[in-house]
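Chain letters run A, B, ... following the sequence lines, proteins first, then strands; residues in each count from 1.
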Amino acid sequence: MRRIRLYDTLSRETRLFQPLVPPRVGMFVCGLTPYADAHIGHGKVAVTFDAFARALRRWGYRVFYIQNVTNIDDRLIATGGATGKDPLSLADQHFAAWRNDMDRLGIRSVNDYPHATDFVPEIVAQIRQLVDGGYAYAANGSVYYDVAKFARYGELSGQKTEALRPGARVEPEPGKRAPGDFVLWKAATPGEPTWDSPWGPGRPGWHIEDTAITVRMLGPRYDVHGAGLDLKFPHHEAEIAQAEAATGESPLVNFWMHVGLLTMKGEKMSKSLGNVYGLHEALEEFGPEVVRFYYLNAHYRSPLDFVPGISLEEAREAYGSLRGASDRLRAELLAAGPDRAGEELSSTEVAETGRTIEKLDEALSEDFNTREAIAALFSWTGQSASVLAKLEQLSSESLSTLLGPFDWAAAVLGLCGGIPLDESSVVPEVVQASLDARARARDRGDFPEADRIRDALAAAGIVVEDHGGVTRWRLRGSER
RNA sequence: GCUGAGGUGGCAGAAUGGUUAAUGCGUCGGACUGCAGAUCCGAUUCCUGGGGGUUCGAUUCCCUCCCUCAGCUCCA
């Protein structure tokens, strides 16, 4: 098992990663409230932890990764009410769309998506523990967490409850003992979905589902909790307070991993600002790998500023050269078959390739530095340029060796994988007929006609390139 | 105001108490092309927010100031 160091937000230090029960790793990532479609900020979190889980698994850890779905919540009820839809089926719809986008993004690591409403008995049981333990109190059919009873409340975020800006957005609900207390169980309001509880009909508060789920599925303590930085307070603070008070065990989480937020031209994305860029649109326009590359090309804890019309375009340019090299390599190996004889790599080249793979693992072992790994991939392709330029002379074995770093990238980062060219959508014979016409035009020196044909093909998304005496074509955006 | 994360070349973005501070994009040359693209070769050697301090040596450690973003009970 590889030695990994990880930054933990709670202790504010980078420490050796030691799972509670190696090689198993329990991992929980705050999921979604499916009241709207995923945006590119959600994609960043998803890709970060997808790649992180892939890396751990590559290193021999047995990762159990779950992501919750808050399918009952104020926003769902509000959105449902506005559109005349049942909140639960609204949640199902959006969750289905979310899953489609995540599949397209290449998210493969999540083992399960537990839904809040499937854990109501666990939620009620945990609230009861908190009430019995004196950490929570009932009022007007609701139950609140008494923040003052949990001494470490605020430790994760460095907040002191008494220092919170008074009155800001703290609802001065009747029944609350202190403004900072948060709701565990919300008394029923007519027309909303409700469940029975010892305190009367109602529904779960926002924070409680996570700990009900994790205690049940991962145990009272687990290894990794991930989410966007914006959830640190109050949500994660509440999770700690709930779980640790309910189970009596501490710490709830070994490593808190908070992902730097993605901003839009320097500002937070939000519906009220009207600057939300949908993940679906990004995938449509740039394809999954460019989007993944964009996220992974920065450290996960750094904030990332998204500028429409620039950020993903730059990512496409940068990623294109890596993708191009891996495509050529994979295509050549496919053409060569497994047993082609040919030039062998020098021992230096073999060693460099092996060392590159080692560098990739090392980069991710030090606080999951994907940017460093990508830099190593670029360096290696740069160094190997002369070899990569004469692939048709190499043996199959040499080609396989050279594929090593790209196979690593495919497995862990979800980049530079199998050839995704969707050539079935064009008819090769038709393209070839055009190319033949162009070749005849070039032969007789009619370059305006040759260029007209090339431009027409380009307009259809088919890029024509002359390599020495050979003309090749490919679909534009072969990274898709 | 309080809490947290940041400030690195034209841009994006790593790293480190010590050889020329990665890598990529862009730009500029060259090779190859009818031209272009792709690819290859080379250049872009005076970039670490300001000011102090510790040190033989600071971008890194300490203090201080300035600026940006986020959180302060909807948020990934």
Please walk me through it: do A/Tyr300 and A/Asp367 pass side-chain hydrogen bond (donor to acceptor under 3.5 Å, both in side chains)? CA-CA 9 Å; A/Tyr300 74 92; A/Asp367 199 23; 2.7 Å; yes
Just wondering, more than 12 heavy atoms not from A/Arg12 lying within 6.0 Å of its CZ? yes
So does A/Asp443 reach the base of B/G34 with its side chain, donor to acceptor, closer than 3.5 Å? no
Between the base of B/C69 and the side chain of A/Asp230, is there a donor-acceptor distance below 3.5 Å? no
Considering only atom [atom1], compute the distance from [N] to [M] and round it to an integer number of Å.
| N | M | atom1 | result |
| --- | --- | --- | --- |
| B/U59 | B/A21 | P | 11 Å |
| B/G7 | B/C62 | P | 15 Å |
| B/C40 | B/G4 | C1' | 47 Å |
| B/U48 | B/C61 | C1' | 15 Å |
| B/C56 | B/G50 | C1' | 26 Å |
| B/G13 | B/A76 | C1' | 22 Å |
| B/U39 | B/G24 | P | 13 Å |
| B/A15 | B/G51 | P | 25 Å |

Out of [options], which nucleotide sits closest to the side chain of [X]?
| X | options | answer |
| --- | --- | --- |
| A/Arg301 | B/G6, B/G71, B/C35 | B/G6 |
| A/Ala375 | B/G4, B/A22, B/G71 | B/A22 |
| A/Arg454 | B/U73, B/C35, B/C2 | B/C35 |
| A/Thr263 | B/U39, B/C69, B/C2 | B/C69 |
| A/His467 | B/A38, B/A5, B/C25 | B/A38 |
| A/Phe182 | B/A76, B/G4, B/U73 | B/U73 |

Is the distance between the ring centroids of A/His115 and A/Phe95 under 6.0 Å? yes
Does the gap between the ring centers of A/Phe406 and A/Trp380 come in under 6.0 Å? yes
Whether A/Lys268 contacts B/G71 is assessed here as follows: a side-chain N or O lying under 4.0 Å from the phosphate OP1 or OP2. Is that the case? yes
Using a 4.0 Å heavy-atom cut-off, does [X] contact any base of the nucleic acid, only the sugar-phosphate backbone, or nothing at all?
| X | answer |
| --- | --- |
| A/Glu465 | base |
| A/Ile374 | nothing |
| A/Leu231 | sugar-phosphate |
| A/Arg452 | nothing |

Tell me, please, whether A/Tyr137 has A/Arg177 positioned over its six-membered ring: NZ or CZ under 6.0 Å from the ring centre and within 45 degrees of its axis? yes
Looking at A/Glu349 and A/Ser346, would you say the former's side chain and the latter's main chain have a donor-acceptor pair under 3.5 Å? yes
Where the side chain of A/Arg328 meets the backbone of A/Leu388, is there a donor-acceptor pair that is under 3.5 Å apart? no
If you measure from the ring centre of A/Phe233 to the centre of the six-membered ring in the base of B/G71, is it under 5.5 Å, with the planes under 30° apart? no
Within residues 29-48 of chain A, which residues have any heavy atom lying less than 4.0 Å from an atom of RNA chain B? A/Cys30, A/Gly31, A/His39, A/Gly41, A/His42, A/Val45
Those residues of residues 376-391 of chain A lying under 4.0 Å from RNA chain B by at least one heavy atom: A/Phe378, A/Ser379, A/Ala385
Show me, pair by pair, the donor-acceptor contacts under 3.5 angstrom made by side chains of residues 449-460 of chain A, not counting sequence neighbours?
| residue | atom | partner | partner atom | Å |
| --- | --- | --- | --- | --- |
| A/Glu449 | OE1 | A/Arg452 | NE | 3.2 |
| A/Glu449 | OE2 | A/Arg452 | NH2 | 3.3 |
| A/Asp451 | OD1 | A/Arg454 | NH2 | 3.4 |

Return the [atom1] to [atom2] distance between [X] and [Y], rounded to the nearest 0.5 Å.
| X | Y | atom1 | atom2 | answer |
| --- | --- | --- | --- | --- |
| A/Ile127 | A/Ser142 | CD1 | OG | 10.0 Å |
| A/His42 | A/Asp37 | NE2 | CG | 10.0 Å |
| A/Leu32 | A/Gln67 | CG | CD | 6.5 Å |

Indicate yes or no: does [X] engage [Y] in a salt bridge with an N to O separation below 4.0 Å.
| X | Y | answer |
| --- | --- | --- |
| A/Asp230 | A/Lys268 | yes |
| A/Glu289 | A/Arg323 | yes |
| A/Glu465 | A/Arg472 | no |

Can you run down the side chain to side chain donor-acceptor pair (under 3.5 Å) pairs that involve residues 92-102 of chain A, sequence neighbours left out, and say none if there aren't any? A/Asp101-A/His280
Considering only nitrogen or oxygen atoms on both sides, find all protein atoms under 3.5 Å from nucleotides 12-16 of chain B and state each distance.
| residue | atom | partner | partner atom | Å |
| --- | --- | --- | --- | --- |
| B/A14 | OP1 | A/His299 | N | 2.8 |
| B/A14 | OP1 | A/Ser302 | OG | 2.7 |
| B/A14 | O3' | A/Asn369 | ND2 | 3.0 |
| B/A14 | O2' | A/Glu372 | OE1 | 2.4 |
| B/A15 | OP1 | A/Asn369 | ND2 | 3.0 |

Can you tell me which residue among A/Thr70, A/Val183, A/Ile72 is in a side-chain contact (heavy atoms from CB on, under 4.5 Å) with A/Pro204? A/Ile72
Both A/Leu229 and A/Lys232 contact RNA chain B. Which one's nearest nucleotide lies toward the 5' end? A/Lys232
Contacts of A/Ser321 and A/Gly228 projected onto RNA chain B by closest heavy atom; the upstream (5') one is A/Ser321
Could you run through RNA chain B and flag its stems, i.e. three or more consecutive Watson-Crick or G-U pairs with both distances under 3.5 Å? B:1-7 with B:66-72, B:10-12 with B:23-25, B:26-31 with B:39-44, B:49-53 with B:61-65
